[in-house]
S.K.: 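My questions all concern the structure below.
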Amino acid sequence: MGYYVTTPIYYVNGEPHLGHVYTTVAADVLARHMRQRGEDVFFLTGTDEHGEPVAQAAEREGVAPRELADRNAERFKQVAERVNATNDFFIRTSDPEHAAVVTEVVARLKRDGHVYAGTYEGWYCPRCADFKTDAELIEGDRCPVHLIELEREKEDNWFFRLSAFQEPLERLYADRPDWVLPGNRYNEALSFIQGGLRDFSLSRARISWGVPVPWDPEQVVYVWVDALLNYYSALSYAREGEDLRDEFWPATVHLIAKDILKFHAVFWPAILMAAELELPERVFIHGYLLMDDHKMSKSLGNVLDPFKVMDLYGTDALRYYLLREVAFGQDGSISPEGFENRYNTELANEYGNLASRSLAMIERYRDGVVPEARAPAALVAELEGMAAAVCSRLDRVEVSGALDDVWQTVRRLNRFVAEETPWKLAKDPEQADRLDSVLYALAEGLRVVSVLLHPYLPASAERLLAALGREDRSIEGARFGSGAGGARIGELGQLFPKVEAPEPSAAP
Ligand code: ME8
């Protein structure tokens, strides 16, 4: 079985912001890391283009939905490229191949008795594309997320018999406690299920921007059903002439934020059960990036342009900051000060300077050749198991936990330099062996942390590994002390140069 990781498909009713980048970068770290482990990886991201969220935004802008979708899908594609995401495919739900799978699955649900005609009466938020209960609304009949006034709706449409899956879902949660992570989100989803499940509308009669219901073309498939199926449909046409579902279905992990927990942790498994398809192994729910204590979102207007940040500081710095500053799985605030602080102290000093100092000492004391020596045994013992720890963290999607583990080693290596004072050893010919050992250990330490950091800082880690004269990027080779000496050191330059921000608002 391959390793299949997904991000949500993002709505094209607005432009990409840092919140979208966050999930995409986290998924990319998992994909890159698993490739380093020799896994067959498929990494999917893309755009959600149907339904009211997009139709209404297009109307506001006075353009056809398809035009808005084409324009913004392009922006999302560009942002994925710009952050160095290695997605294997970019799905757009307006792809005809996707629509064909939606049609086929929905028809099967109808055939097998999971769908019936009914009348929906209640509240609907067109921005969430979600039905709201009275209890969820805030004062003035407004959506709790978008704060817009909602209208009461009455519409004849097709219902999915979600209530029939109450018991199967409870069983799923009992049998597979790791299926939703972290644990607090598992509990949240489970208590939603235990609160009693109501059937939901599988179709919408009011709009035409969507996939037509196969037996009732006056209606379109509810955008959430359409959207969730992307994870499955993409595999059927991502590679021409191949059906990747055999190798990659079920998905290994869906990454999402908590705003769409109900859809992924309740609706999605029920739809899959009804369609007799296998369930994904895991849904991991990360928290919100906050700015000034509020969720960053386009409707609240407190968004940052990821392009600006990357132009100034580089892609790696942004990737690093997002996964370092906020514990993956929890909410966390980001700020320009926090960014500059991490950039200067951690990236520039702790990693960048460690690298340039170490290389300079190898150059000066050993003519630019890494000594063929052994690292001090105590350090070898201390760093043993680091790669295994990172692997097991990432198996559990602890993306910032794994980064923290590696960073502890970066700091350990800095302390090692301070303890060993190679510049003093260099003055004493009797200490030549010790100096060999210290310089080898530094090159070796930098090699191993750079292999492990590679998924997070692909460009910088690559540069450093190249300067160290190393080819192997595999996790298997990332054992401290296993690398041979003798390599000639190359040019490195500054990994994270000092940046003079032209104005404070240009930083995140
Ligand atoms: O919900 N902090 O699309 P969307 C962290 N199309 N993550 C954030 C974030 C923030 N402040 N803001 C956005 C949709 N995200 C649907 C999904 S999937 C079948 C359909 C990220 O454009 C996070 O991953 O509103 C969140 O779940 C997603 O963007 C929502 O993107």
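Just so you know, ligand 1 is whichever comes first in the structure, and atom 1 is the first atom listed for that ligand. Values reported hereafter were calculated over all heavy atoms of this structure, with side chains retained and with hydrogens, waters and symmetry mates removed.
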S.K.: With a 3.5 Å cut-off and no angle check, do the side chains of Asp156 and Thr119 form a donor-acceptor pair?
M.R.: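 There is such a pair (donor and acceptor under 3.5 Å, judged by atom type) between the side chains of Asp156 and Thr119.
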S.K.: Can you tell which part of Phe263 has a heavy atom less than 4.0 Å from ligand 1: side chain, backbone, both or neither?
M.R.: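 The answer is neither; Phe263 stays 4.0 Å or more away.
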S.K.: For the residue pair Tyr343 and Tyr313, is the inter-centroid distance of their aromatic rings smaller than 6.0 Å?
M.R.: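 For Tyr343 and Tyr313, the ring centres are under 6.0 Å apart.
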S.K.: Thr23 heavy atoms, cut-off 4.0 Å: which ligand 1 atoms fall inside?
M.R.: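 Taking each heavy atom of Thr23 in turn, ligand 1 has 21 (C), 23 (C), 24 (O) under 4.0 Å.
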S.K.: Ring centroids only, cut at 6.0 angstrom: are Phe131 and Trp123 within range, meaning strictly under it?
M.R.: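 That pair fails the under 6.0 Å test.
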S.K.: Heavy-atom pairs closer than 4.0 Å: do any link ligand 1 to the side chain of Ile260, the backbone, both, or neither?
M.R.: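 Ile260 to ligand 1: side-chain contact only, backbone stays beyond 4.0 Å.
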S.K.: Less than 6.0 Å separating the ring centroids of Tyr351 and Tyr320?
M.R.: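 No - the distance between ring centres of Tyr351 and Tyr320 does not fall below the 6.0 Å cut-off.
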S.K.: Give the atom numbers and elements of ligand 1 that come within less than 4.0 Å of a heavy atom of Ala227.
M.R.: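 Those qualifying, in numeric order: 19 (C).
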S.K.: Can you tell me which residue among Glu350, Glu325, Glu337 is in a side chain to side chain donor-acceptor pair (under 3.5 Å) with Arg342?
M.R.: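 Single pass found, and it is Glu325.
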S.K.: Check each heavy atom of Leu18 against ligand 1 and say whether those closer than 4.0 Å belong to the side chain, the backbone, both or neither.
M.R.: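 It is neither part, as no heavy atom is under 4.0 Å.
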S.K.: His20 heavy atoms, cut-off 4.0 Å: which ligand 1 atoms fall inside?
M.R.: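 Here the atoms of ligand 1 in question are 22 (O), 29 (O), 31 (O).
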S.K.: Would you say ligand 1 has an N or O under 3.5 Å from any N or O of Tyr288?
M.R.: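 Between Tyr288 and ligand 1, no N or O pair is found under 3.5 Å apart.
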S.K.: Using a plain distance cutoff, I'd like to know if Leu289 has any nitrogen or oxygen under 3.5 Å from a nitrogen or oxygen of ligand 1.
M.R.: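 Between Leu289 and ligand 1 (N or O atoms, distance only) the closest approach is under 3.5 Å.
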S.K.: Please confirm whether Phe284 and Phe328 have ring centers closer than 6.0 angstrom.
M.R.: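 Ring centres of Phe328 and Phe284 closer than 6.0 Å.
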